[in-house]
K.L.:
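My questions will all concern the structure given below.
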Amino acid sequence: MQRMQKYDPKKIEKKWQKYWEKNKTFEVKDDFAHPEKKFYALIEFPFISGVGLHVGHPRPFTAMDVIARKRRMEGYNVLYPIGYDSFGLPTENFAIKTGRPPQEIVLENIANFKRQLKSLGYSFDWSREVDTSDPKYYKWTQWIFLQFFKHGLAYKKNQPINWCPKDKIGLANEEVVNGCCERCGTPTEKRNKDQWMLAITKYADKLLDGLKTVDYITPARVQQENWIGRSEGAVVRFTVILSEAKDPRHGKRDSSAIPQNDNLVVEVFTTRLDTIFSGTFLVIAPEHPLVKQLTTPEQKKTVEKYIQETAQKTDIERTAEEKDKSGVFTGSFALNPATGDKMPVWIADFVLAQYGTGAVFADAHDERDFAMAKKYNIPLRVSIRPTDDEVWQRVQKLEECFPNEGTLVNSDQFDGLTSAEAREKILPWLEQKGMARRKINFKLRDWVFSRQHYWGEPIPLVYCKKCAGWIPLPESELPLKLPEVKKYEPTDTGESPLSAMTDWVNTTCPRCGGPAKRETDTMPNWAGSSWYFLRYCDPDNDKEFASMEKLKYWMGPVIQSAAPVILSEAKDPLTLGERDSSVATTLSQNDSGRGGVDWYNGGMEHTVLHLLYSRFWNQFLYDIGVVPTREPYKKRTSHGMILGPDGEKMSKSRGNVINPDEMIEQFGTDAFRMYIGFMGPFDQAVKWDTNGLVGVRRFLDRVWSLQEKVTDSPTSLRAPLLEERVQSTDTNNPLSSRRGTEGEVSSSVHLTSLLHRTIHKVSADIEGMRFNTAIAALMELSNEMMKEEKISNFQYQVLIQLLSPFAPHIAEELWEKFGNGEMLAFFAWPKFDAELAKESAITIVVQVNGKVRDQLEVPAEISEEDIKAQALASEKVQKWLEGKEPKKVIYVKGKLVSVVI
RNA sequence: GCUCGGGUGGCGGAAUUGGUAUACGCACAACACUUAAAAUGUUGCGCCGCAAGGCAUGCGGGUUCGAGCCCCGCCCCGAGCACCA
């Protein structure tokens with residue numbers, strides 16, 4: 001045998017990357033092939049900046065690449081696309097700094113990203129790249145916006161918005177983190193501005209309900225639920241007594257006397273209607289619209305001062321002083337519709353203007369209200385009794401606040417009811433009097449959709465004075481391209497730099513032909529990323545954003561779950577019993593709107609914003625009939641962060657940034673990819689450790705050197721045709737089950753068994769994203785092979801096949817070396833054979849009183865009686881028995897015998 | 001404060017979900033090869049103990065023949081939400 005060449009990753013990796021590029025290996029060949037076995041794998045496309053890929057990107061990209069590659073070998077028609085999110089602040093800031101057009105910068109940055117991505121050997125379909133700042137792409141982003149506008153879901157509103165004084169940009173609530181700008185960390189202020197809004201709140205229920213139909217990892221689902229924040233309760237009306245002197249009912253306790261059509265009413269949202277009888281005062285937000293009307297002349301000065309003070313505070317300051325419940329009395333009173341008592345109306349900034357009705361009724365059963373009442377000596381009344389008598393003693397004396405549910409007291413006819421019962425009875429009672437109505441409230445607020453920046457999609461609307469409103473551009477005029485400007489800076493007045501472009505701004509109204517002005521705000525960064533997964537299905541279409549046929553195919557409802565367990569174990573009578581291909585067909589017919597991207601992996605940081613926004617867009621597009629599925633993604637998983645070697649988040653300022661280019665240069669792409677998978681559990685944060693990379697590189701060297709142990713001639717394996725792989729239950733797969741064993745030489749039964757157990761483990765672990773244990777299993781297999789004198793061609797090739805999703809270059813090279821004409825990337829994934837995986841001899845552990853005392857090597861088929869007898873006969877066990885009779889002997893099949901004395 | 005995760009050797013981490021705790025890798029040590037080093041290979045490697053054996057999965061209890069895993073009560077770390085009525 002000629003001397004083996006050394007493993008040289010640089011040479012072979014470049015070779016295969018060139019080959020894949022030249023042959024367009026991973027481009028989808030047929031958009032409609034065997035729909036029951038298609039797979040759409042999606043990663044979050046990178047947000048473009050000048051720094052290029054950091055080491056965090058390869059984690060999700062490699063993970064999905066491994067899954068995509070395995071699925072291809074299993075015969076799936078796989079779509080694994082890539083694109084670039086290129087509108088946004090990093091590029092704009094760079095343009096401002098250098099004075100160069102962002103369009104140019106984007107092209108350079110994309111070229112760099114692309115070079116890096118290619119060097120990582122990803123099996124992307126490079127023919128489907130999308131770029132959100134390309135007019136061919138944003139034409140359709142604008143088109144979708146027009147549909148929102150035409151359906152009344154995009155509207156302009158003057159309202160206080162979150163303003164970042166550094167970025168000079170209006171922010172959606174979702175983009176404000178702890179009162180600071182999400183991007184730059186500057187505390188945000190409130191500013192009043194006309195803003196385009198998208199009515200995402202109209203979809204609150206649908207967005208919540210949709211979560212029940214998708215397979216998201218729990219934290220992602222829970223975060224979405226919390227963000228939408230649905231709560232059931234009631235809106236209660238509190239009639240205001242403008243002047244105490246004029247009110248004849250003063251001091252009376254007769255709720256029936258409350259007039260029905262009093263025109264000054266404070267509405268309050270509550271989830272605790274059971275506490276209504278303890279309501280002794282009202283508190284409204286400083287921004288409440290009725291503040292002026294409610295403030296009496298005597299209180300005017302104090303109230304104005306308080307409001308001014310709170311307006312000056314930033315959101316962090318307002319929430320920082322958590323415990324101190326400052327407030328001010330308006331001078332007015334309102335009537336409690338349940339008790340008829342008069343309640344002073346206060347203003348306090350712990351009440352949020354944006355939530356509920358911006359007003360609360362305050363009582364002894366809420367910590368904040370309780371604290372405020374104590375501070376200002378406002379009378380309190382207890383109406384909920386806890387079960388614990390000791391607590392009740394203290395609560396009655398008003399020494400302690402009891403905010404939980406209990407039994408009603410001091411509540412007239414409702415005394416004795418539980419909180420839950422009381423809510424159901426009190427609501428109709430108040431409803432009848434016209435003082436309350438059922439209400440479901442959401443935390444979710446409408447989405448501020450305009451930005452005062454240059455580098456974003458222009459909003460395709462003009463304002464026409466004559467038509468008295470905003471007029472959409474005809475769809476035929478899209479895309480409305482960004483004009484070239486000289487300066488990219490946002491202005492202090494909060495206007496976009498586009499507003500200085502008078503040529504561009506002044507236009508004619510598409511409706512009346514008269515003079516009109518263009519909207520100069522642009523769309524937020526989230527716009528382009530809210531629908532890119534749809535464009536991948538049909539990226540070059542210039543008639544529509546994607547054809548329905550292609551969307552139906554790629555986003556289709558077919559559930560090809562990696563774990564068919566879910567379907568087969570379902571109690572659903574429809575699926576019980578028979579699980580054949582007709583199930584999929586049945587689903588697609590009966591369950592319209594079902595489906596989505598098969599598997600979407602992305603960062604936890606996007607589970608609220610991006611995921612919610614894109615679900616909203618997709619649901620809207622479904623409702624207007626242009627996409628086939630209600631939800632955009634069937635399955636969502638998330639990766640943990642990669643931390644610097646010091647265990648801290650990687651950042652330039654800390655100097656702990658790892659550059660993937662350098663790692664690849666030093667260890668090779670395959671080793672880098674393997675280390676990314678091996679470094680730790682996929683969903684958890686892990687520290688970077690270059691030593692670990694050394695370990696996987698050693699493993700690859702060993703796999704390479706194992707070829708010397710292969711002595712028999714290659715079993716010329718014919719690649720199964722695509723059709724053969726699609727029918728995966730084949731008898732035709734040359735590598736499946738026993739057929740492969742013909743090629744075996746001297747190897748032990750043990751190795752064959754291990755080989756099959758490894759096939760099983762690696763297959764299951766890849767689907768479960770347990771890449772670390774999959775790789776550990778491959779290492780174990782190769783360690784066993786190292787111990788053998790010789791291994792068979794067949795065994796070696798199975799190892800290479802299992803390795804190939806992780807380390808595709810070395811695998812393809814070895815595959816070629818061993819005389820296989822076909823691409824390994826499309827060769828059949830090895831088949832697991834349960835029979836061959838069985839070991840002939842097994843180790844049974846013998847425990848005495850729960851402690852391991854002996855181990856027995858026995859034939860796998862040993863009977864229960866035999867093994868029990870053998871265990872009791874064991875010398876070591878006898879020693880522990882000390883002549884006594886065992887009380888009980890337990891046998892766990894194939895595992896252990898437990899002797900109890 | 002609330003909601004999710006998590007706590008296992010010197011380190012990253014395994015453990016088929018109640019059945020041999022510490023797989024795999026790193027680091028370390030000894031040996032082989034080498035003039036030497038690197039690389040590679042072999043062996044060892046939780047703690048105490050000469051051994052028999054004992055003790056170990058954040059802490060304290062419990063259930064069980066048997067608990068890293070289940071139950072009760074705490075402590076610590078990470079992520080998200082946070083005056084949401």
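All values derive from a computational prediction rather than experimental measurement. The chains referred to below are lettered A, B, ... by the order of the sequence lines, with proteins before strands, and numbering in each begins at 1.
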K.L.:
B/C26 phosphate, OP1 or OP2: any side-chain N/O from A/Lys687 under 4.0 angstrom?
P.N.:
no
K.L.:
With syn defined as a glycosidic angle within 90° of 0 and anti as everything else, classify B/U8.
P.N.:
anti
K.L.:
Are A/Phe678 and A/Phe771, when compared by the centres of their aromatic rings, separated by less than 6.0 Å?
P.N.:
no
K.L.:
Using both distances under 3.5 Å as the test, list the Watson-Crick or G-U wobble partner of B/G18, or none.
P.N.:
none
K.L.:
Syn versus anti for B/G9, judged by chi lying within 90° of 0?
P.N.:
syn
K.L.:
Does a side-chain N or O of A/Arg698 approach OP1 or OP2 of B/A27 to a distance below 4.0 Å, or not?
P.N.:
yes
K.L.:
Taking a pair as Watson-Crick or G-U wobble with both distances under 3.5 Å, which nucleotide is matched to B/G78?
P.N.:
B/C4
K.L.:
May I ask which nucleotide in the shown strands pairs with B/G68, Watson-Crick or G-U wobble, both distances under 3.5 Å?
P.N.:
none
K.L.:
Can you tell me if A/Lys443 touches the phosphate of B/C84, counting only side-chain N or O atoms and a distance under 4.0 Å to OP1 or OP2?
P.N.:
no
K.L.:
Would you please say whether a donor-acceptor pair under 3.5 Å links the side chains of A/Asp683 and A/His639?
P.N.:
no
K.L.:
Could you check whether A/Tyr306 and A/Trp346 have their ring centres less than 6.0 Å apart?
P.N.:
no
K.L.:
Does B/U16 have OP1 or OP2 under 4.0 Å away from a side-chain N or O of A/Arg757?
P.N.:
no
K.L.:
Would one find a side-chain N or O of A/Arg697 under 4.0 angstrom from OP1 or OP2 of B/G25?
P.N.:
no
K.L.:
Can A/Glu405 and A/Arg423 be counted as an ion pair, charged N to O under 4.0 angstrom?
P.N.:
yes
